[in-house]
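Side-chain atoms are counted along with the backbone in the values below, which use heavy atoms only and exclude waters and symmetry mates.
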Amino acid sequence: MTEGTTSAATEGDTMTRLEQEGEIAADYLEGLLDIADLDGDIDMDVEADRAAVSIISDVAGRDLQKLVGRDGEVLEALQELTRLAVHRETGDRSRLMLDIAGYRAKKREELSELGAKAAAEVKSSGEPVKMKPMTPFERKVVHDAVKAAGLRSESEGEEPERFVVVLPA
């Protein structure tokens with residue numbers, strides 16, 4: 001087997017594994033929606049080497065907002081429960097990302113802008129910028145935005161007060 005064939009096979013295995021994670025997560029979340037008597041459709045994808053599952057609704061109601069909670073706290077808990085359900089079925093640790101009613105997508109846009117603004121501030125002042133404490137998801141988005149702006153960043157502190165520091169080049 002050539003090296004190119006090996007990496008293509010490994011890539012295919014990874015995609016199949018991530019799709020399986022998405023299927024397990026979707027089944028788990030469908031059951032949860034049924035128990036809670038909430039309407040929502042499940043959308044599955046693979047993004048950045050991790051399964052991504054979204055619960056979306058055509059109804060403009062606030063039902064799904066209950067599953068997001070204040071500042072995404074319920075969403076974070078549901079994501080962990082869903083990861084545990086996947087782990088129980090596969091035996092492997094899951095890095096699955098869950099989005100509900102577009103909350104994470106909107107948050108990702110806001111955080112990307114915040115990271116870009118912090119990078120611009122550091123470029124103009126030459127001084128590091130410390131940001132407010134964030135969740136691991138939020139820090140990852142900010143790190144990515146800072147990197148895209150050509151600077152580097154680090155996380156400092158202990159959970160739940162861990163924060164991003166944007167550093168000059």
Practice item. Check whether any side-chain heavy atom of Tyr103 sits under 4.5 Å from a side-chain heavy atom of Leu64, and report yes or no. Key: no
Exercise for review: Using a 4.5 Å cut-off on heavy atoms from C-beta on, say whether the side chain of Glu73 contacts that of Glu76.
Suggested key: no
Point to revise | Closest heavy-atom pair and its distance - Leu18, Ala51 | key: O-CB, 3.5 Å
Check your understanding: Do Ser125 side-chain atoms and Glu127 backbone N/O form a donor-acceptor pair below 3.5 Å?
Key -> yes
**Study point:** Smallest separation among heavy atoms of Val166 and Ala118, with atom names
**Key:** CG2-CB, 3.9 Å
Point to revise | Ion pair check, Glu159 and Arg139, cut-off under 4.0 Å | key: yes
Review point. Which atom pair, heavy atoms only, marks the closest approach of Glu154 to His143?
Key: C-CE1, 3.5 Å
Point to revise | Val165 and Met131, any side-chain heavy atoms less than 4.5 Å apart | key: no
Review point. Considering only heavy atoms from C-beta outward, does the side chain of Glu23 approach that of Met44 to under 4.5 Å?
Key: yes
Check your understanding: How long is the gap from NE2 on His87 to CG on Leu96, to the nearest 0.5 Å?
Key -> 13.5 Å
Review point. Between Arg17 and Asp13, is there a salt bridge with N-O shorter than 4.0 Å?
Key: no
Practice item. Determine whether Arg152 and Pro168 make a side-chain contact, defined as any pair of heavy atoms from C-beta on separated by less than 4.5 Å. Key: no
Review point. Would a 4.5 Å heavy-atom cut-off, applied to side chains only, mark Ile55 and Leu33 as touching?
Key: yes
Practice item. Apply side chain to side chain contact (heavy atoms under 4.5 Å, CB included) to the pair Leu32 and Leu78, showing each step before the final yes or no. Key: CA-CA 10 Å; Leu32 179 87; Leu78 288 173; 3.7 Å; yes
Practice item. Verify the cluster assignment for Leu81 and Val86: are they in a single hydrophobic cluster under the rule of side-chain heavy atoms below 4.5 Å apart? Key: no
Point to revise | Over 12 foreign heavy atoms within 6.0 Å of NZ, Lys147 | key: no
**Study point:** Criterion side chain to side chain contact (heavy atoms under 4.5 Å, CB included) against Leu29, the qualifying member of Val53, Ile24, Ile100, Asp34
**Key:** Val53
Point to revise | CD on Glu21 to CG on Asp92, rounded to 0.5 Å | key: 7.5 Å
Review point. Do the non-hydrogen side-chain atoms of Glu121 and Lys117 ever get within less than 4.5 Å of each other?
Key: no
Exercise for review: Using atom types as modelled and distance alone, determine if a side-chain donor or acceptor of Lys123 lies under 3.5 Å from a backbone N or O of Ala149.
Suggested key: yes
Review point. How many angstroms lie between atom CG of Leu75 and atom CG of Leu67, to the nearest 0.5 angstrom?
Key: 9.0 Å
Check your understanding: Do you know which two heavy atoms are closest between Pro128 and Leu167, and how far apart they sit?
Key -> CB-CD2, 4.1 Å
Check your understanding: Is there side-chain contact between Lys132 and Phe163, with at least one heavy-atom pair below 4.5 Å?
Key -> no
Check your understanding: When Glu138 is tested against each of Lys107, Arg162, Arg108 for salt bridge (Lys or Arg N to Asp or Glu O under 4.0 Å), which residue passes?
Key -> Lys107
**Study point:** Lys NZ or Arg CZ of Arg104 over Phe137 ring: under 6.0 Å, within 45°
**Key:** yes
Study note, to complete from the structure: Nearest heavy-atom approach of Leu111 to Val142 is O-CG2, 3.9 Å
Point to revise | Neighbour count above 12 (heavy atom, 6.0 Å) for Asp27 CG | key: yes
Review point. Once you round to the nearest 0.5 Å, how far does CZ of Arg50 lie from CE of Met97?
Key: 5.5 Å
Point to revise | Interatomic distance, Glu89 atom CD to Ser94 atom OG [nearest 0.5 angstrom] | key: 12.0 Å
**Study point:** Rounded distance (nearest 0.5 Å) linking atom CG of Asp37 with atom CD1 of Ile35
**Key:** 11.0 Å
**Study point:** Neighbour count above 12 (heavy atom, 6.0 Å) for Glu158 CD
**Key:** no
Exercise for review: Provide the closest heavy-atom pair for Val141 versus Ser112 in the form atom of the first, atom of the second, distance.
Suggested key: CG1-OG, 3.6 Å
